[in-house]
Amino acid sequence: MKFAKNRIAAIAISIFLMLSMAASLVALPVNAQATKKTYAYIGANPNPVGVGQETLLHLGITQQLTWANEKWHGLTVTVTTPSGDTETLGPFDSDATGGTGTVYIPAEVGNYTFQTHFPKQDFQGVTYLASD
């Protein structure tokens with residue numbers, strides 16, 4: 001009699017555990033593609049710099065990548081000269097830290113404006129939105 005009760009209890013527990021596992025499979029969330037905001041940056045060093053002298057532009061986004069061989073693609077820099085002309089530098093690929101660099105040599109005296117553009121990219125199931 002005791003053996004029958006233990007057997008029924010074991011079967012009931014087994015059924016409960018199987019139903020719990022089946023319910024957890026149904027309740028798993030759907031892996032929808034997420035979006036993430038990005039933040040582009042740029043810096044110049046040295047600043048100020050003379051006409052005809054090199055300045056290093058460090059540009060990228062604040063989002064690093066997982067592995068050393070991964071990179072963001074297609075970053076550009078819009079340069080506005082003191083006379084109001086614009087030119088585009090790039091496109092550049094970042095390193096895994098999210099950044100990269102290039103050298104710029106100003107050709108006229110005055111203030112220059114630099115703006116980084118990061119294009120929207122999909123990476124590991126996440127859409128990283130464009131930013132300037």
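Small disclaimer: the values here were computed from a predicted structure and weren't measured.
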* Residues that Ile15 engages under side-chain contact (heavy atoms from CB on, under 4.5 Å), provided they are two or more places apart -> Ile11, Met18, Leu19

* Going only through I, L, V, M, F, W and Y residues with side-chain contacts under 4.5 Å, is there a path from Leu65 to Val126? -> yes

* Asked: For Gly50 and Pro106, which heavy atoms make the closest approach, and how far apart are they?
  -> O-CG, 3.7 Å

* To do: Enumerate the residue pairs fulfilling side chain to side chain donor-acceptor pair (under 3.5 Å) with a member in residues 78-95, sequence neighbours excluded, ordered by first and then second residue.
  => His73-Asp93, Thr81-Ser83, Ser83-Asp85, Ser83-Glu108, Glu87-Tyr104, Asp95-Thr97

* Only counting residues at least two apart or in another chain, list the ones meeting side-chain contact (heavy atoms from CB on, under 4.5 Å) with Pro48. => none

* To do: May I ask you to decide if Thr66's main-chain N or O and Glu70's side chain share a donor-acceptor pair within less than 3.5 Å?
  => yes

* Asked: Do the side chains of Leu129 and Ile42 join up, straight or via other hydrophobic residues, at under 4.5 Å, putting them in one cluster?
  -> no

* To do: Given side-chain contact (heavy atoms from CB on, under 4.5 Å), test Tyr112 with Thr55 step by step and report yes or no.
  => CA-CA 12 Å; Tyr112 286 74; Thr55 186; over 6 Å; no

* Measure the shortest side-chain to side-chain distance between Leu89 and Leu59 over non-hydrogen atoms and say whether it is less than 4.5 angstrom. => no

* Would you say the side chain of Thr127 lies within less than 4.5 Å of the side chain of Lys120, judging by non-hydrogen atoms? -> yes

* Structure fact -> Residues passing the side-chain contact (heavy atoms from CB on, under 4.5 Å) test with Ser131, sequence neighbours excluded, are Thr38, Ala40, Ile61, Phe118

* Interatomic distance, Ile8 atom CD1 to Ile13 atom CD1 [nearest 0.5 angstrom] -> 12.0 Å

* Is the side chain of Trp72 donor-acceptor paired with the backbone N or O of Gln63 at a distance under 3.5 Å, no angle test? -> yes

* Structure fact -> Correct closest heavy-atom pair for Pro46 and Glu54 would be CD-O, 3.9 Å

* Could you list who else is in Val103's hydrophobic cluster, with ILVMFWY side chains joined at under 4.5 Å, directly or through other members? => Ile105

* **With sequence neighbours excluded, residues passing side-chain contact (heavy atoms from CB on, under 4.5 Å) with Gln115** => Asp132

